[in-house]
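Input: a single structure, listed below in structure tokens.
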Amino acid sequence: MPELPEVETVRRGLTRLVGHAQITSVDVYYEKMVSPEANQFKKMLAGKTIERIDRRGKYLLFRFNDDLTMVSHLRMEGKYDVQPAGNPITKHTHVVFHLADDRDLRYTDTRKFGRMHLLKTGEEAELVAGLKKMGPEPTAETLSVAYMKTIFGKSKKAIKPFLLDQSNIAGLGNIYVDETLWLSRIHPEQPANTIPEFQIRQLRANIIAEIKRAIDGHGTTVHSFSTAYGEAGEFQNHLMVYGRKGEPCFRCGTPIEKTKVAQRGTHFCPDCQALRKNPGETMVLGLTGGIATGKSAVSDLFKAYQIPVIDADKIARKVVAPGTTGLKQIQSTFGWQMIQPDGSLDRHALGTLVFSQPEALAQLNGITGPLIKKAVKRQLQGYRRRKVPLVIYDAPTLFEAHQAAVVNEIMVVTVPEQVQLERLMARDQLPKKEALDRISAQLSLAEKVKRADVVIDNRHSVDKTKAQVVRWLNEAGFGSLMTDKAK
DNA sequence: CAACTTCCCTGCGCGC
DNA sequence: TGCGCGCAGGGAAGTT
């Protein structure tokens, strides 16, 4: 089912194959497919030469000499191919263009949904309904944030059918809509006019990037997520949600659901794409990285711009402070040996225990995990109420602790493995073996990078890292948050 | 006008 | 193995 990238791939291929070919005659086997009526259609094309092939949305525009244009839509299964003249046609060949160089350009279409309209060049924009209403092409130059904000604000329609409507944005079909909504963490039934600006910006960036990736990949999208969550073997299907009903979400592991939205089969992750009754304007950026990759330096950059940072480590300490239910649960689970004489947690004793016994670590996480999640949620609620535009959630184990679904976007700070090892050995005065043990105790840096929405490369100077953070702030629409003092 | 529904088609997977 | 049913899908046209 061709969507814009596939149609663009077809356009390029045809340009190469028949870009300047001359048509001698045309056979039409399924008359409803063409307009004007078949005999007229054949007569008009005989002797014409293809000068160029254009594309608008999912429409192909064959430009002939004498100001003639053929508007062709492949719909579901339409295909063009070029064969030597005289090759027998197949069951589903509906139109054959005989070329002057003893080749045939053939159109096949099992479901006969495709259509071809022949008209005077320049009139197609008025006479073909789909072209007349066609929205902007999904590229950085043609699809602006301002335009998207305007059209989103005017429609109560669910975002899924809204994006499928070619008059809003050109070229998106069922697959790319599901994919870009997943990438942007937006529920397919979220009304367009309830989507906050930061998500419109994310969606725009994802649509543009996804379409570009697919065009560069000749009509297929290639993502680099590997075998997260126990999927065996090489990841062959390059789609993140489409056709993955029941399989784990690559971001959070929750099974992908398939429902019907506006009569269309729709795939989404119920956990990271929650339907929001009152979506706030607060964007939550999850910040994570590997041990000693320099995540805290990036965190400090945000703080310097007065952007609030929720520190997961700090919260983790708070929920087991003296007098908390968290500490009481640790005491009743692991015994009084875990409590120091002054009533505080004996981190060393607990650390020794959980490092040697995996079940103990799971038990500990079972106690602290929910408490941390609750505390984070409460803090976020406060920021949302105050309509703070951007909050950073600084969490070293964002993925491991299954917290990825609470954020709107994930930033991963990374360095090459060798640099990570050297920095860790130097920082914590560790021998190589111990440093390696600590690194391998975490989800691998490569895997974190794969699951990131944005990656900060921290191998070079502070200035270079800062430039990347500033760039992200500007692109995400938070440029105005950077105060002059901090700049 | 917005928001639905129907129609156009064929192959395929499913249940019996 | 075979038969019928329902579903898939983009976009236009028709209906509420």
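Sequence lines set the chain letters: A, B, ... in the order given, protein chains first and strands last, and positions in each chain run from 1. Any value given below was found using the heavy atoms of this structure, including those in side chains, with hydrogens, waters and symmetry copies removed.
- Summarising the geometry, the separation between CG on A:Leu164 and C1' on C:dG9 is reported as 10 Å, rounded to the nearest angstrom.
- Residue pairs meeting the side chain to side chain donor-acceptor pair (under 3.5 Å) criterion with at least one member in residues 275-286 of chain A, sequence neighbours excluded, do not occur.
- Of the listed residues (A:Leu287, A:Thr288, A:Val455, A:Leu398), just one forms a side-chain contact (heavy atoms from CB on, under 4.5 Å) with A:Met411, and that residue is A:Leu287.
- Note on A:Tyr59: only backbone sugar-phosphate atoms sit closer than 4.0 angstrom, heavy atoms only; bases stay farther off.
- Contact annotation: A:Gln166 side-chain N/O to C:dG10 OP1/OP2 distance is not under 4.0 Å.
- Closest contact between the side chain of A:Met76 and the listed nucleotides C:dA8, C:dA12, C:dG9 involves C:dG9.
- Think of the region where chain A sits on DNA chain B: with heavy atoms and a 4.0 Å cut, that region ends 5' and 3' at B:dA3 to B:dG11.
- Using a 4.0 Å cut-off between a side-chain N of Lys or Arg and a carboxylate O of Asp or Glu, A:Lys149 and A:Glu197 qualify as a salt bridge.
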Item to check | Pairing string, 5' to 3', for DNA chain C - Watson-Crick or wobble contacts under 3.5 Å, brackets [ ] where pairs cross, | to another strand | outcome: .|||||||||||||||
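- In the region residues 105-117 of chain A, proximity to DNA chain C at under 4.0 angstrom, judged on heavy atoms, holds for A:Arg111, A:Phe113.
- As rounded to whole Å, 19 Å separates atom P of C:dG11 from atom NZ of A:Lys32.
- If you measure from atom CZ of A:Arg264 to atom C1' of C:dC7, you get 12 Å, rounded to the nearest angstrom.
- A:Tyr176 has no side-chain polar atom (N or O) that falls below the 4.0 Å cut-off from OP1 or OP2 of C:dG10.
- A:Leu74 has its CG atom 17 Å from the P atom of C:dG9, to the nearest Å.
- With respect to the salt-bridge test (charged N to carboxylate O, under 4.0 angstrom), the residues A:Glu409 and A:Arg185 do not qualify.
- In this structure, A:Glu8 does not pair ionically with A:Lys58, as no charged nitrogen and carboxylate oxygen lie closer than 4.0 Å.
- When rounded to the nearest whole Å, the span between NZ of A:Lys160 and P of C:dG9 equals 8 Å.
- We find that A:Glu123 and A:Lys120 are not joined by a salt bridge, their nearest charged nitrogen and carboxylate oxygen being 4.0 Å or further apart.
- A salt bridge links A:Lys157 with A:Asp165; the closest basic N to acidic carboxylate O contact falls under 4.0 Å.
- A salt bridge links A:Asp54 to A:Arg52: at least one charged side-chain nitrogen sits closer than 4.0 Å to a carboxylate oxygen.
- Note that CZ of A:Phe198 and OG of A:Ser184 are 10.5 Å apart. Values are rounded to the nearest 0.5 Å.
- Contacts classified as side chain to side chain donor-acceptor pair (under 3.5 Å) and involving residues 370-388 of chain A (residues at least two apart or in different chains) are not found.
- When rounded to the nearest whole Å, the span between CZ of A:Arg75 and C1' of C:dA8 equals 15 Å.
- Going from atom CD of A:Glu77 over to atom P of C:dG10 covers 11 Å, rounded to whole Å.
- Between the CG atom of A:Asp178 and the P atom of C:dA8 there is a distance of 12 Å, rounded to whole Å.
- Residue pairs meeting the ring pair (Phe, Tyr, Trp, His ring centres under 6.0 Å) criterion with at least one partner in residues 140-163 of chain A, sequence neighbours excluded, are A:Phe152-A:Phe162.
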